[in-house]
Amino acid sequence: MMRKVYILLALMGAVSVQAQRMDPVETHSKYIQAVDEYRPAPGQYINDIPEYEPGDTEQDMIRKCTERLADNERGLVALGAYGGYITFHFDHSIANVPGQRDFAVWGNAYQEETGKFPGGGVSEAGVVMVSRDANGNGLPDDAWYEISGSCDVDSVGKVDYGYEITYRRNPMGKIPWTDNRGQSGELDRWDRYHPQEYYPEWLPDGLTFRGTRLPQNGFDFTGSVPSSYSQYYWVLFFYGWGYADNQPNLLEDRETPNIEGCGIDISWAVDEQRQPVRLDFVDFVRVYTGLNQKCGWLLETSTEILGAEDLHLDESVARIKAATSGVRMVKADTGSADVVYDLQGRRTTPTAKGIYIRHGKKYIVN
Ligand SMILES: [Ca+2]
Ligand SMILES: [Ca+2]
Ligand SMILES: [Ca+2]
């Protein structure tokens with residue numbers, strides 16, 4: 001009887017390890033390793049950051065995003081208007097450490113300069129999602145969970161959870177959209193500063209995005225600030241927590257990272273019924289623009305991403321190693337052979353030359 005229970009525990013352990021990523025590198029990085037998906041909505045920075053060049057495929061654009069964001073490169077990537085998204089991963093799974101924010105997503109939000117609007121500036125908040133590589137194929141094709149941010153607590157009734165929008169091509173013109181609430185509109189152009197096409201050139205017509213739409217945060221204060229500032233003055237107020245490109249990356253001393261404002265706790269993840277889910281690790285992070293809003297000369301509200309980082313790299317690595325070694329020990333006790341993984345984290349029996357992971361270390365078959 002005891003022995004049966006013991007074997008069951010071993011199997012459960014093996015399942016959780018398959019969803020954990022640990023690349024065979026000497027030193028792990030806390031920064032983004034690569035971008036997996038880039039599907040921006042139209043907008044004034046689209047086809048520009050990163051730049052689209054004739055003939056570029058979706059894979060080319062994803063590679064350009066990786067070049068801008070990986071290894072703390074801090075090149076900006078724009079997601080366009082509501083719904084546009086990016087997905088990225090690290091060289092290891094990010095652990096959910098109880099009671100702590102686990103990773104941060106950096107953007108280009110900033111505090112406005114007059115000092116008349118505390119908590120206001122330019123917040124173009126993006127909704128954050130997380131996923132485990134549950135099927136172990138190294139691809140972001142598993143269940144996704146949204147991070148429930150502060151609007152779910154302080155703006156009850158103002159958040160639209162089943163929002164859907166579709167954009168249509170209109171070469172060099174204003175981009176029309178319709179949504180599932182019976183509304184329609186168009187994205188304006190500002191040819192003087194952004195003269196390029198605003199619809200992502202490499203993507204098909206009729207792009208549709210679904211998700212949570214955050215309540216409007218941008219307001220027109222034209223004429224109510226000193227004349228030394230722009231006469232057309234818009235303020236986009238910060239939300240409390242749980243979003244990307246929402247609050248400034250640094251605190252007021254301009255040196256200290258704004259972990260409270262930009263950090264994400266994996267424990268905030270919810271399922272489609274907005275019920276909390278328990279995730280011990282995540283392998284992929286996605287961010288999408290959470291507002292359908294335009295603010296005068298600022299045009300459409302668009303989330304931008306500057307990078308992301310694991311806020312407790314050592315803890316993530318230690319927790320993965322603990323889980324991995326736990327399984328190995330149990331498997332050894334039951335008389336099984338060595339457990340070997342490929343670089344996508346799948347359990348395998350090495351039959352070809354290549355690099356594998358064995359006992360948590362690089363293992364070369366040649
Ligand atoms: Ca946590
Ligand atoms: Ca997968
Ligand atoms: Ca921004």
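For ligands, and for the atoms within them, numbers begin at 1 and follow the listed sequence.
Considering only heavy atoms from C-beta on, I49 stays 4.5 Å or farther from E51 through its side chain. For the pair E37 and V35, the minimum side-chain heavy-atom distance is 4.5 Å or more.
Residue D283: no N/O/S atom is found under 3.0 Å from the Ca ion (ligand 2). At a threshold of 3.0 Å, the Ca ion (ligand 2) has a backbone or side-chain N, O or S atom of L139 nearer than that distance. Residue contact annotation: S131 places no N/O/S atom under 3.0 Å from the Ca ion (ligand 2).
Of all N/O/S atoms in D141, OD1 sits nearest the Ca ion (ligand 2). Of all N, O or S atoms in D133, the one lying closest to the Ca ion (ligand 2) is OD1. Among heteroatoms of the N, O or S kind in D142, OD2 lies nearest the Ca ion (ligand 2).
Under the 3.5 Å distance criterion, with hydrogens and angles disregarded, a donor-acceptor pair is assigned to the side chains of E112 and T114. A donor and an acceptor atom, one from each side chain of D314 and H312, are nowhere located under 3.5 Å apart.
Judged by the 6.0 Å and 45° rule, R210 forms no cation-pi pair with Y163. For the pair R286 and Y85, the cation-pi criterion (under 6.0 Å, within 45° of the ring axis) is fulfilled.
Around the Ca ion (ligand 1), the protein atoms of type N, O or S that sit closer than 3.0 Å are N96 OD1, V97 O, Q100 O, D102 OD1, D102 OD2, D265 OD1.
Only protein N, O or S atoms were scored, and 4 of them lie under 3.0 Å from the Ca ion (ligand 3).
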Going through the checks in order, is the ring-ring contact (aromatic ring centres under 6.0 Å, His included) test met by F221 and F117?
-> CA-CA 10 Å; F221 290 99; F117 307 98; 4.4 Å; yes
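Cluster annotation: W144 is connected to I62 through the hydrophobic network of ILVMFWY side chains, with a link wherever side-chain heavy atoms come within less than 4.5 Å.
Ionic pairing of D179 and R181 is not present here: no N-O contact between side-chain nitrogen and carboxylate oxygen is shorter than 4.0 angstrom.
Taking the side chain to side chain contact (heavy atoms under 4.5 Å, CB included) definition, one finds that A104 meets it with W106, L311, sequence neighbours left out. With sequence neighbours left out, E113 forms a side chain to side chain contact (heavy atoms under 4.5 Å, CB included) with Y229.
At least one donor-acceptor pair under 3.5 Å links the side chain of S93 to the backbone N or O of R21.
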